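Just below is one structure, and these are the notes that go with it.
The structure presented is a predicted model; accordingly, all values stated were derived computationally and were not measured. Start at 1 and go down the list; that is how both ligands and their atoms are numbered.
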Amino acid sequence: MTTRRKFIVETLTSVTAAASVIHPAGRRISKGLSSFEKTFGSTKSTNKPIVISTWDFGIRANEEAWKTLSSGGRALDAVEKGVRIIEADPKINTVGYGGLPDRDGYVTLDASIMDENGNAGAVAFLQHIMHPVSVARLIMEKTPHVMIVGDGALELALANGFKKVNLLTKESKKAWQEWLKTSHYIPVGKYNHDTIGMLALDNSGNISGTCTTSGIAFKYHGRVADSAIIGAGLFVDNEVGAATSTGLGESVIKIAGSHLVVEEMRNGKSPKEACEAAIKRIAEKQKDYKTFQVAFIAINKQGEVGSYAIQKGFQYALYKNGENKLHDSEYLIK
Ligand code: ASP
C-alpha cells in the first residue's frame with residue numbers, strides 16, 4: 001500500500017521539481033496554487049453551503065445559520081447567528097444564559113471565533129453578557145488582541161453596546177444550591193458535555209467556526225474551558241478545514257485538540273479520520289480517558305465532515321443539501 005506520507009513526499013518533490021506538473025491523480029498542479037492545493041489538487045467544494053454543530057440543539061442553531069448560508073451569506077455571520085440562538089436559551093444549562101454557575105454561584109462564559117482569513121477572537125471568564133460569541137467577534141474585529149478575559153472583557157462589551165443581564169436563572173440557581181449540599185466536584189458526568197461548537201462552509205468556499213460554553217458546572221471560579229482557547233476548542237484554517245470540540249476541556253487543551261485535527265486533515269486525513277486521530281492521542285496520553293467524554297467535529301474545504309468521540313452518545317447536527325439532520329458519532333470505547 002502506498003502510504004499517505006509517501007504519497008505526500010512524492011507529490012511535494014514533484015511540485016518543487018517543476019512549475020506545472022500533473023498530479024498523480026490526474027489533476028494539474030501549478031504555481032499560484034496554495035501549498036495545500038499543490039499537494040492535494042483542487043480544493044473546490046461540491047458540497048456547499050454546509051453547517052455542522054455539536055449535540056441535538058445544533059439542529060436549531062443550524063437552522064438559524066442556514067438562513068445566512070442559503071442566501072449566499074458569509075460563514076462567519078452564519079456561525080455567530082447560529083450559536084446565539086443557543087446562548088439565549090435559558091433552558092440550555094451548558095451555554096450562555098441559564099448556564100450552570102461555578103462553585104461560587106457565578107455564571108462565567110467562554111467563547112471563541114475564527115474567520116476565513118485566519119483572524120481569531122476569544123473571550124473567557126465573562127460574566128453578565130448573553131452573547132459571548134459576539135464579544136469574541138468584537139475582540140477579533142475591533143481590537144488588536146485575540147483574547148480578553150474577565151472584567152476587561154465585560155467593560156469592553158458594555159462600552160460597545162452589549163447589555164448587562166443576570167445570567168443565573170432560577171433553575172440553575174436551584175441546581176447549584178442542590179449541589180452545594182455535598183459540594184462534590186467531579187469534572188465529568190451528566191452536566192458536562194453540552195458546549196456548542198459550529199463550523200460552516202459558505203457558498204464562496206470560505207470556512208469559519210465558533211465555540212461557546214458556560215463550561216463545566218460548579219467549576220472553580222476563574223476556570224476557563226477549551227472552548228475559549230484557539231487551537232484547543234476551535235481551529236479554522238481556510239486552506240484546509242476546521243474543527244471544534246465538546247467534552248472535558250482540560251483534556252482537549254492538553255493536546256491542542258482542534259489544531260491537531262486540522263493538521264491531521266492538512267496531512268491527508270479525512271475529517272472523521274482526523275477527529276479519530278485526536279481522540280486516540282487523548283487515549284494514548286491521558287490514562288484516565290475512559291472516565292470522561294471528549295468529541296470533535298470537523299469539516300474540510302471540500303465540504304466533507306466527520307466526528308469522533310471517546311464515549312458512545314455524542315451526536316452532531318449537519319445541514320447540507322437542504323436537509324438538517326442529527327447523526328450519531330463514531331466513538332472509541334465500544
Ligand atoms: N468543553 C466544555 C468545558 O470544558 C464542556 C463541554 O463541552 O461539555 O467546559
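Salt-bridge annotation for Lys280 and Glu276: present, with a side-chain N of the basic residue lying under 4.0 Å from a carboxylate O of the acidic one.
In this structure Glu323 satisfies the side chain to side chain donor-acceptor pair (under 3.5 Å) test together with Lys325, sequence neighbours excluded.
Annotation for Ile129: hydrophobic cluster partners, listed by chain and number, are Val123, Leu126, Val135, Leu138, Ile139, Ile148, Leu154, Leu156, Leu158, Phe162 (ILVMFWY side-chain heavy atoms under 4.5 Å, direct or chained).
In terms of polar-atom proximity, defined here as any N/O pair under 3.5 Å, Asp194 does make such a contact with ligand 1. Backbone and side-chain nitrogen or oxygen atoms of Thr213 are examined, and none is located within less than 3.5 angstrom of a nitrogen or oxygen of ligand 1. In terms of polar-atom proximity, Ala225 is not counted as a contact of ligand 1, lacking any N or O under 3.5 Å from an N or O of the ligand.
Put simply, the residue from Phe314, Trp55, Tyr316 that forms a ring-ring contact (aromatic ring centres under 6.0 Å, His included) with His327 is Tyr316. Considering Val305, Asn321, Asn300 in turn, Asn321 is the only one that fulfils the side-chain contact (heavy atoms from CB on, under 4.5 Å) rule with Asn47.
Nearest to atom 5 (C) of ligand 1 by heavy atom, out of Gly215, Ala232, Gly247, is Gly247.
Of all atoms in ligand 1, listed by their number and element, those nearer than 4.0 Å to a heavy atom of Asp226 are 1 (N), 2 (C), 3 (C), 4 (O). Heavy-atom proximity to Thr246, at under 4.0 Å, picks out these atoms of ligand 1: 6 (C), 7 (O), 8 (O).
Assignment of Lys219 to the shell around ligand 1 is not supported, since no heavy atom sits closer than 4.0 Å.
A 6.0 Å sphere centred on OH of Tyr97 holds no more than 12 heavy atoms belonging to other residues, nucleotides or ligands.
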